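Please read the structure below before turning to the comments.
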Amino acid sequence: MRLSQILISTLRDDPADAEIPSHKLLARAGFVVKIAAGVYTFAPLMWRVVKKFAQIVREELDREGANEVMLPIIQPKELWVSSGRWDRYVTDGIMFTLKDRKGSEMCLGPTHEEVMTAYVNAQVNSYKQLPVNFYQIQDKFRDEIRPRFGLMRGREFIMMDAYSFDADQQGLDEAYAKMRRAYCRIFDRCGVDYTVVQADSGAIGGAGSEEFMVIADSGEDSILFCRDSGYAANVEKAQSRLPAAPAGGEAKPLEKHATPDVKTVAQLEAFFPGWVAGRMAKTVLYHVTWKSKEKVTAVMMRGDLEINEVKLVNALDALTVRLATEDEIKKATGAEVGFAGPVGLPDDVPLLADESLHGVTNLLTGCNQTGYHCLNVNLGRDCRMPSFKELRLARAGEGCPVSGKPLEQARGIEVGHIFKLGTKYSKAMAATFMDQGGKPTPFVMGCYGIGVSRTPAAAIEQHFDDKGMVWPVAIAPFECVVAMLDPKRDEQQALAQQLYAQLQKASVDVCLDDRAMSPGAKFKDLELIGVPVQVFVGRKAGEGQVEFLVRKGMQKSECQAGEVAAKVLAALGR
RNA sequence: CGGGCCGUAGCGCAGUCUGGUAGCGCGACUGGUUUGGGACCAGUAGGUCGGAGGUUCGAAUCCUCUCGGCCCGACCA
């Protein structure tokens, strides 16, 4: 490939709307061009990168027996109604919907559980045909509330999603393990530093799930991990061991104290000397939405700890929760914000508490009366016994649930997610096969996703320097470039073309930079584009001397033309 | 959707407060000189100042509405 024949348009300045390194660099190097918020054109060099990554994904999935298919992007509403997800996705505003000429409602697929389940249900009738595993690599559409960070969170993006269908749980466990192995090989091969973490299964539902996280400061997810035990989890899911709060001792008589304008835990610590946050229980009111009802609910948490809203949603089996508004709080508790508590809480407000409060005596809490708090509150004696759940947000520094050593925190970019769905969709959609006993049985499903356009961006978050991108070899647009510094000079043309041909013969993915531009500009351009190995044919071409650059680390050296092929292969690790 | 902010040439920006000839840098084009770190000289093209309405003798500038976009929060590959 001659670079003079590819449209390469690099910018000198970072685009104003880019925040993170990968977005700045990909836009500046002309790899992506925005056409609307979260919607991008992939230029030839970027498309080469995506195709290379997709090919790695295909090879590793095929190796585990998965089969690639092509699924429709336009999907009928009925399919989504049948799984029960139409309303939720439309209400959340995440679905692109449209009507055809007859007025039938359709959507652009944000994910493909429905289509795939319908396909397999139609084709698979017997346990003898199982297990099967299908995947696709295609555009997905989600009308993200806030598209951002270039390719990281687009509204149209490329995703691989795979779906496994098994006869029973054991089959699913095996399918899941295979996919996990394949995922590890995929991310190993493309040269990113990643961690597999326990994850919440969120809107997709199901039992177990793990996320593949590329560690990067710009990551939108927060993860906790332990070097000692290998425990790692998304904070949404993470658990921890906690140092015990000071003991409350024998139950003492309830006391009510006037606490005008004292509303926060910090203010209470100052107001009641000797009472530390660990002896307090804060009561936070949430507006909770279920499928067919909504209600304000009180949630108690130890004063020095925080509530994990994802755990709260799961504990309540709710669709969403949000903090109650000031008005909702007044209506539910009868008091101003800052004085909610379990004591005197109206019976129609459900009461939950975190495990950290289980068995704790003589608490300091609010009592639903503006300007008052209670001391020596004992749950079950002075108020209803709340229903105890694990609702606490784990934090760095707390003990690893496995080893007890302090947990560390990092930011991560979610590039892959694997789920054990179970029978959630197959039951909803009545997707069954005949088991050995001749009984219709729902498929036991798994689903598995990889962000195909996101992963290369994530790779750049880990591999760049002040000069530009530093592509890992496996997904670089080209492995090597042979650049002539002055295409008008015959000896440079001749030597560059000779080296180019030689490297092609050696199966190197090489391009020839024959563009007419000043040497300085060419150096800058190729540094920005980040081809891993760069060979410059310049003024010493007549003597058979060229320059050799390994982009990572910018080590530059001169060598004889005859050594080039060997040096390139060595630098590429072959 | 809530909170902050921005729309002026292909890109990055100034001009807006205080109304009066629409500017700068980069890029592009032509000619010439260059050819090892985004070259130099001379010249050229390119803008309904996001859109609509209003105030005014006069609006990029003031007012109203609207459409885009960005950033901070809740969703996700």
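Naming convention: chains lettered A, B, ... in sequence-line order (proteins, then strands); numbering from 1 in each chain. Because the structure is a prediction, the values reported are computed rather than measured. Heavy-atom basis, side chains included; hydrogens, waters and symmetry copies ignored.
A:Leu11 has its CG atom 13 Å from the P atom of B:G10, to the nearest Å. Look at CZ on A:Arg28: it is 14 Å from P on B:G27, rounded to the nearest Å. As a whole-Å value, the separation of A:Glu414 CD from B:C75 P is 12 Å. For the pair A:Arg148 CZ and B:C71 P, the computed distance is 8 Å after rounding to whole Å. When rounded to the nearest whole Å, the span between CG of A:Asp514 and P of B:U35 equals 21 Å. Taking atom CD of residue A:Glu220 and atom P of nucleotide B:A74, one finds them 11 Å apart after rounding to whole Å.
In this structure, A:Lys567 satisfies the cation-pi test against A:Phe548, with its NZ or CZ atom closer than 6.0 Å to the six-membered ring centre and inside 45 degrees of the ring normal.
Among the protein residues, A:Lys522 comes within range of no part of the nucleic acid, since none of its heavy atoms lies under 4.0 Å from any strand. Across all strands, A:Lys34 comes closer than 4.0 Å only to sugar-phosphate atoms, never to a base (heavy-atom distances). Here A:Thr10 lies in heavy-atom contact (under 4.0 Å) with a base. A:Glu527 comes within contact range of at least one nucleobase, with a heavy-atom separation under 4.0 Å. Residue contacts for A:Met152: at a heavy-atom cut-off of 4.0 Å it reaches a base atom on one of the strands shown. Note on A:Asp221: a base of the nucleic acid sits closer than 4.0 angstrom, heavy atoms only. Nucleic acid contact class of A:Glu211 (heavy atoms, under 4.0 Å, all strands): none. When heavy atoms are screened at a 4.0 angstrom cut-off, A:Arg489 is found touching no nucleic acid atom at all. A:Gly30 comes within 4.0 angstrom of nothing in the nucleic acid, heavy atoms only. Using a 4.0 Å heavy-atom cutoff across all strands shown, A:Asp14 reaches sugar-phosphate atoms only and no base atom.
A gap of 24 Å separates the P atoms of B:G51 and B:C57, to the nearest Å. Rounded to whole Å, the P atom of B:A60 lies 31 Å from the corresponding atom of B:G3. Atom name C1', nucleotides B:A28 and B:A45: the rounded distance is 9 Å, in whole Å.
Salt-bridge check for A:Glu114 with A:Arg85: passed, with a basic side-chain N closer than 4.0 Å to an acidic carboxylate O. Salt bridge A:Glu220/A:Arg153: present, at least one basic N to carboxylate O contact under 4.0 Å. Here A:Arg411 does not pair with A:Asp217 in a salt bridge; the nearest charged N to carboxylate O distance is not below 4.0 Å. In summary, A:Asp486 and A:Arg539 do not engage in a salt bridge, as defined by a charged side-chain N under 4.0 Å from a carboxylate O.
With sequence neighbours excluded, the residues satisfying side chain to side chain contact (heavy atoms under 4.5 Å, CB included) with A:Gln493 are A:Met484, A:Pro487, A:Gln497.
When distances are taken from the side chain of A:Ile94 to each of B:C75, B:C76, B:G36, the shortest belongs to B:C75. Candidate nucleotides B:G12, B:U35, B:C70 were compared by shortest atom distance to the side chain of A:Asp17, and B:C70 ranks first. In the set B:A77, B:G36, B:A39, B:G36 carries the atom at the smallest distance from any side-chain atom of A:Lys556.
The phosphate of B:G36 (OP1 or OP2) has a side-chain N or O of A:Arg539 nearer than 4.0 angstrom. OP1 or OP2 of B:C76 has not a single side-chain nitrogen or oxygen of A:Arg155 nearer than 4.0 Å.
In this structure, A:Phe523 does not pack face-to-face on the six-membered ring of B:G36, missing the 5.5 Å centre cutoff or the 30° plane limit.
Applying the Watson-Crick and G-U wobble criteria (two distances, each under 3.5 Å), B:G2 pairs with B:C72. The pairing partner recorded for B:G37 is none, the criterion being a Watson-Crick or G-U wobble arrangement whose two distances lie under 3.5 angstrom. Nucleotide B:U56 has no partner under the Watson-Crick or G-U criteria, as no pair reaches both atom distances under 3.5 Å. Pair check for B:U61 finds none; no Watson-Crick or G-U wobble contact set falls under 3.5 Å. The partner of B:G10, taking Watson-Crick or G-U wobble pairs whose two distances both stay under 3.5 Å, is B:C26.
For B:C75, the base has no donor-acceptor partner in the side chain of A:Arg142 [N/O atoms by modelled type, under 3.5 angstrom].
Results of the side-chain contact (heavy atoms from CB on, under 4.5 Å) test with A:Phe31 over A:Leu45, A:Leu25, A:Val50 single out A:Leu45 as the only residue that passes.
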